[in-house]
Each structure stands twice: as C-alpha cells, then as structure tokens.
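Predicted, not measured: the structure shown is a model, and the values here were computed from it. Reckoned from all heavy atoms, side chains included, excluding hydrogens, waters and symmetry mates.
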Amino acid sequence: MKIVIVGGVAGGASAAARARRLSESAEIVLFERGQYVSFANCGLPYYVGDEIKVRNKLIVTTPERLRERFKIDVQTGCNVVEIDRAAKQVVVQKVGSSEIIRQTYDKLVLSPGASPFLPPIPGINSPNIATLRTLDDVDRIRARVDAGIDHVVVVGAGFIGLEMVENLVHRNIKVTLVELADQVLPVMDREMTTPILAELKGKGVVVHLKTTVSEIKTVDDRIVTQLSTGETVDCGMVLFGIGVRPENKLAMDSGLATGPRGGIVTNSCMQTSDPDIYAVGDAVETEDYVLKSRTQVPLAGPANRQGRLAVDHIFGRNVRFRGTQATAIVKAFGTVVASTGASEKVLKRESKSYKKIYLHPANHAGYYPGAQGMSIKLLFDSSDGKILGAQISGGEGVDKRIDVLAMAIQAGMTVFDLEESELAYAPQFGSAKDPINMAGFIAAGVVRNDHPIVHVDQLTDMANACLIDVRTEDEHRLGSIPGSKLIPVDQLRDRLNEIPASEQVIVFCQVGQRGYIATRILKQRGYDVRNLSGGFKAYRLFHPAS
Ligand code: FAD
C-alpha cells in the first residue's frame with residue numbers, strides 16, 4: 001500500500017503518523033510545500049505577543065523526526081500541482097526550481113488547509129499588509145512588532161483577529177479593530193459577545209463595527225487605512241483576519257466535487273468523489289453534527305481527527321466521522337468566550353424549532369475565594385429537550401463547561417440529562433449544583449412548563465405586560481428595565497393587590513433565580529406570569545449600560 005499525503009501540518013501529519021502506526025509495511029510519502037511540518041498554527045499569535053518566547057516551541061515535530069520515528073518519506077519544499085487520477089499519480093514541483101517529479105499512489109490524502117482571504121481593495125498588495133497562517137507570516141509580523149511599530153489595524157474580529165488584538169496590546173501597541181458585522185465574533189450570537197466587546201474597549205482597543213477597510217495607502221513607512229465610515233487610521237501594519245478559503249485548486253483542477261463555498265466534498269469516511277482520494281481538515285466540507293446539513297469548519301480538532309480517521313478507513317477499519325459541531329473557545333484578556341453546536345442565529349436561519357435559556361452561575365462555590373461569574377446560553381429542542389447548542393462567556397471554568405456541553409451534544413443528551421449529570425465537586429472547582437446542573441434544572445423546568453419564561457428580545461413585543469422587578473430597592477436604584485415596577489420578592493405575597501390579575505405579568509431579578517421564585521408564587525395564584533430568563537444580567541447583554 002502506498003499512501004501519498006498532501007500537506008504536512010494538522011491533518012496531514014496526523015494521517016501520516018497514524019498510517020505508520022497501523023502498517024509497518026506501507027509506503028508513506030508526505031509532500032509539504034513549506035519548509036516545516038506539524039507546526040503549531042494555533043500558537044502563532046502568542047509568539048507575536050511574546051507569551052511563547054522561543055520560536056522552536058512552535059515546531060511540534062520536524063521532518064527528520066517523522067523520518068526517523070515513523071519512516072515517513074517527508075518531502076518539504078514540494079508543491080503538489082496536479083493529480084493525474086487516471087494514472088493514480090501526483091505531479092510535484094520543487095519550490096524555487098522547475099524540477100517536476102511524479103509520484104504514484106494507491107490512496108491519496110489531501111490536507112492542504114485554507115488560505116487567508118484578502119479583500120480586493122486598492123493598496124492591498126502594499127508592504128506591511130499581513131495575514132497569519134505560517135511560520136514565515138509570524139516571522140514577518142514579529143519582526144515588525146520588534147522593530148517598535150506603535151499602531152496596528154486588525155481587520156476582522158473573529159478568533160484569530162481577537163487573539164492578535166490581545167497579543168499586540170501585550171506588546172504595548174495601540175490597536176484599532178475593524179469588523180464588518182455589527183458584533184465581534186460574528187459566528188456567535190450577538191448578545192453573548194457583549195462582555196468581550198466591553199473587555200476590548202476597556203483595554204483601550206478602538207473598535208469599529210459595521211465598518212470595512214476600503215483603501216490602503218502607503219506613505220513612507222506608514223500606512224493610511226481608509227475606513228468605509230470616512231475615517232482614516234494611520235498605522236504601521238494592517239493585519240487581515242477576515243476568514244479563510246479552502247485550498248481547493250488541486251481538487252477542482254482534477255475534477256473532485258466541491259461544495260458551494262468551495263470545500264472539497266467528503267463522505268463520512270472522508271472520501272472525496274474519487275474513492276481513492278481522501279480529503280481532511282480546513283479544505284473540506286463535511287456534515288454539521290447538530291443540523292445534519294453541509295458545513296465547513298476550519299478548526300484544528302476536526303482536522304486532526306479526520307486525518308486519523310481517513311487512514312483508519314484506508315486500512316479497512318469500520319469508521320465514520322460523526323460530523324463537526326464547531327466547538328471553539330477564545331480568550332481576550334480576562335474574558336473567555338466559547339461555543340458548541342448550533343447558534344440561535346443558525347437555528348433561526350434554518351427555521352428549526354428551539355427554546356433557549358440564560359443563566360449566570362459562578363465557576364465555583366461563591367464562599368470560596370476567587371469565584372468568577374459566567375453567562376451561559378443553552379439552546380435546546382422545544383419538544384424533547386435535546387441539546388442543540390451552547391455559548392458561554394466568563395473567565396475561569398468556561399472551558400470545562402463548554403466541553404461538558406459539547407460531549408452532551410455528541411451523546412445526544414437532553415436537558416433532563418444535564419439535571420442528572422454527576423460532576424466533580426470541591427469548593428475550588430465547582431458547586432454541588434454545578435452550572436451544568438443549573439442549566440439542566442432551568443431548561444427542564446421550561447420544557448415541563450413549570451417555569452414559563454420570556455426573553456429580553458421579546459420584551460418589545462410585550463410592551464403592555466406588567467413588568468415587575470423583584471430585586472431589592474438598592475439593586476433597582478442602581479439600574480433597572482425602563483417601565484418596571486419594584487416589588488421585592490419577599491414582599492410579593494403581601495402586595496398582590498398591586499398586580500393586575502387580568503394582565504400578562506413579567507417578573508425579573510438579577511440572574512433569574514428570585515424571578516423563578518416569584519413566578520412560582522404568582523403562577524400558583526392564577527397569574528399569567530413569566531420570568532425573564534437570565535434576569536437583569538441578560539438584559540444588560542442585550543442593552544449594555546452606556
Ligand atoms: P494546515 O494545518 O493549514 O496544513 C496545510 C498544509 O498544506 C500547509 O502547511 C500548506 O503549506 C500545505 N499545502 C497546501 N497545499 C499544498 C500543495 N499543493 N502541496 C504541498 N503542500 C501543500 N484551530 C483551533 O481549533 N483552535 C485554535 O486555537 C486555532 N488557532 C489558530 C490560530 C491561527 C493563527 C491559525 C492560522 C489557525 C488556527 N486554528 C485554530 C486553525 C487550525 O490551525 C486549522 O484548522 C488546522 O491547522 C487545519 O489543518 P489542515 O491540515 O487542514 O491545514
């Protein structure tokens with residue numbers, strides 16, 4: 001068996017090493033057009049920020065190591081330019097020379113990744129316009145930063161953009177962030193990004209939303225960046241992180257099927273439309289685990305797992321890629337934001353029926369020093385409570401909860417399973433009722449109709465409802481929802497005469513807990529009452545204090 005692999009980083013290197021572990025006799029040839037294999041793309045922003053100080057730490061393994069330990073024929077500086085499917089050969093050009101070689105294969109694995117997208121605007125090819133994908137890119141960016149530039153415009157507030165913002169600020173560089181959407185992290189639901197936007201602004205980052213860069217002019221060593229708003233920003237470098245496009249030229253030229261957004265179409269065994277050619281990683285289109293629709297998710301986890309799985313299939317194992325649920329996490333300064341599964345905006349777009357809840361638990365017992373709050377949004381099927389997606393914003397403990405919820409989605413669990421989840425607890429790590437249990441309790445109460453709720457984004461349609469703030473007078477004074485009437489929960493039973501029995505009643509507290517108690521009190525007395533999910537904190541996610 002001769003396996004040829006194109007691309008030697010996340011998916012490609014995983015495939016190569018797995019192939020050797022499964023077969024000592026296989027011939028494994030890996031072509032990589034760069035000089036490095038298996039480097040840590042995900043660590044690149046932290047090298048710019050000097051969090052990772054030694055460049056060599058970014059190199060996970062070397063061609064020599066792959067040759068020595070795995071007997072893989074690694075050929076760097078080799079660009080695969082053509083697939084001759086009829087002859088089962090790839091055509092390879094040595095980088096920087098006209099030398100062409102042909103290599104036969106029994107099975108071919110494509111893991112060419114995705115390339116950063118640059119907009120076709122005037123001046124885009126000027127010097128000091130950067131994207132970040134390779135070690136060469138990071139060397140250029142770091143050299144510029146080390147030279148002492150004072151100001152960088154980062155275009156694109158996605159994961160890589162935000163990581164670069166944080167690391168540039170660490171280097172004492174002024175950062176202007178420009179984003180086309182009306183929010184940062186556009187893959188997430190807007191309200192869940194409010195805390196990270198506030199954090200960026202608090203750290204002095206100038207954020208322009210609903211804005212694009214329309215032109216770039218170089219004046220001496222400076223760059224004048226023209227924004228669509230009419231403003232100009234003078235800086236030393238413009239860094240684009242506005243998304244990636246699958247490297248699909250090889251696949252398209254050889255007639256392999258690609259999807260509407262350019263991803264190489266694969267089946268659940270990672271085979272392309274040619275069963276002897278597999279494709280993995282950022283270049284492919286696979287199935288969305290939750291929605292069962294087609295999707296492209298450029299993340300390291302799926303790339304690595306797909307590389308391994310493709311090779312398992314080549315060696316006859318009965319494997320199937322489950323699809324991807326796009327579990328992702330990012331940190332900017334003290335704020336961590338994470339998501340898994342479907343977002344609300346995608347569920348709406350796909351016309352799926354769903355319910356949602358918000359809650360704001362602490363990462364561990366409040367009495368133990370250092371507890372940090374988080375905001376959780378849980379999306380679930382309105383009929384059976386099956387978990388469809390989750391987003392969390394906070395600090396410590398966000399990573400743990402998103403991973404638990406990611407596993408719950410993979411296991412096809414419901415909100416009732418979250419109620420029953422038994423998770424590790426000591427005061428430093430969690431609570432006897434973990435945030436995951438709390439999410440389950442609240443969501444299960446909603447599905448069982450014990451706990452009628454309403455959401456902040458429904459309030460405008462319910463303007464005639466009687467809105468009651470059940471917090472304390474002090475809390476109310478510090479800020480409340482316009483038009484609300486204060487009746488603290490402990491006075492509610494004595495002040496029922498102030499609540500019109502014939503009207504829709506909405507109660508809210510700070511996070512939803514006292515509101516729930518108030519809802520139970522009023523519901524049992526016959527009121528048509530709903531609790532504002534996530535309380536005033538959820539209100540502030542939608543309507544930040546100015
Ligand atoms: P890559 O790892 O990009 O490898 C593709 C390789 O193929 C490249 O080295 C390329 O040179 C080579 N190649 C392409 N075409 C050819 C050809 N014709 N011939 C020969 N060689 C070729 N993901 C996360 O999940 N978490 C993170 O925190 C995260 N952070 C990231 C930060 C940055 C700055 C970047 C750039 C990416 C980050 N990612 C992260 C994404 C993650 O790195 C990718 O999803 C993953 O590397 C994709 O693996 P891949 O094998 O598909 O492509």
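Of all non-hydrogen atoms in Arg294 and Val265, the two that sit nearest each other are NH2-CG1, 3.8 Å. Taking every heavy atom of both residues into account, Gly34 and Glu32 meet most closely at N-OE2, 2.7 Å. Nearest approach of Asp282 to Pro246, heavy atoms of both residues: O-CB, 4.1 Å. When all heavy atoms of Ser339 and Gln391 are compared, the closest pair comes out as CB-CG, 3.8 Å. For the pair Gly341 and Val290, the tightest heavy-atom approach, listed with the atom from each and the gap, is CA-CG2, 4.0 Å.
No donor-acceptor pair under 3.5 Å is formed between the side chain of Gln306 and the backbone N or O of Ala310. The backbone N or O of Val81 lies less than 3.5 Å from no partner atom in the side chain of Asn79, so there is not a single donor-acceptor pair.
Only one option out of Asp150, Val233, Val206, Val152 pairs with Lys174 in a side-chain contact (heavy atoms from CB on, under 4.5 Å); it is Val206. Considering Lys345, Lys348, Lys377 as possible partners of Asp189, the one that fulfils the salt bridge (Lys or Arg N to Asp or Glu O under 4.0 Å) test is Lys377. Under the side-chain contact (heavy atoms from CB on, under 4.5 Å) rule, Gln271 has a single partner from Ser268, Ser273, Cys269, which is Cys269.
Look at Asp50 and Arg142 and you find a salt bridge, because one of the NZ, NE, NH1 or NH2 atoms lies within 4.0 Å of a carboxylate O, short of that distance. Electrostatic pairing of Asp221 and Arg144 counts as a salt bridge here, judged by a charged N lying under 4.0 Å from a carboxylate O. In this structure, Asp73 does not pair ionically with Arg67, as no charged nitrogen and carboxylate oxygen lie closer than 4.0 Å. Salt bridge annotation for Asp403-Lys400: absent, with no cationic side-chain nitrogen under 4.0 angstrom from a carboxylate oxygen. Checked for salt-bridge contact, Asp234 and Arg222 meet the test: a charged N lies under 4.0 Å from a carboxylate O. Electrostatic pairing of Arg33 and Glu247 counts as a salt bridge here, judged by a charged N lying under 4.0 Å from a carboxylate O. Comment: Lys249 engages Asp253 in a salt bridge, judged by a side-chain N to carboxylate O separation of less than 4.0 angstrom.
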Just do the side chain to side chain contact (heavy atoms under 4.5 Å, CB included) check on Ile3 and Ile314 with the steps written out, would you? CA-CA 9 Å; Ile3 302 174; Ile314 288 172; 4.1 Å; yes
Could you walk me through whether Thr324 and Asp288 satisfy the side chain to side chain contact (heavy atoms under 4.5 Å, CB included) test, starting with their C-alpha distance in whole Å, then the side-chain angles of each, then the deciding distance to 0.1 Å, before giving a yes or no? CA-CA 5 Å; Thr324 175; Asp288 182 299; 6.0 Å; no
For the pair Lys352 and Asp381, evaluate salt bridge (Lys or Arg N to Asp or Glu O under 4.0 Å) and give the outcome as yes or no after the intermediate values. CA-CA 9 Å; Lys352 299 281 177 201; Asp381 190 297; over 6 Å; no
For a side chain to side chain contact (heavy atoms under 4.5 Å, CB included) check, start with the C-alpha distance between Glu285 and Ile264, then their side-chain angles and the critical distance, and finish with the verdict. CA-CA 6 Å; Glu285 185 198 275; Ile264 305 169; over 6 Å; no
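With a 6.0 Å cutoff to the six-membered ring centre and a 45° limit on the axis angle, Arg55 does not count as a cation-pi contact of Tyr47. Remark: Lys356 is not positioned above the aromatic ring of Tyr354, lacking an NZ or CZ atom under 6.0 angstrom from the ring centre and at most 45 degrees off the axis.
The CD1 atom of Ile277 lies 8.5 Å from the NZ atom of Lys88; values are rounded to the nearest 0.5 Å. The distance from atom CZ of Arg190 to atom CG of Leu209, rounded to the nearest 0.5 Å, is 7.5 Å. The NE2 atom of His208 sits 10.0 Å away from atom OG1 of Thr225, with the distance rounded to the nearest 0.5 Å.
When only modelled atom types and interatomic distance are considered, Gln103 and Lys2 share a side-chain donor-acceptor pair under 3.5 Å. Side-chain contact of Gln325 with Thr340: a donor-acceptor pair under 3.5 Å is present, judged by distance alone.
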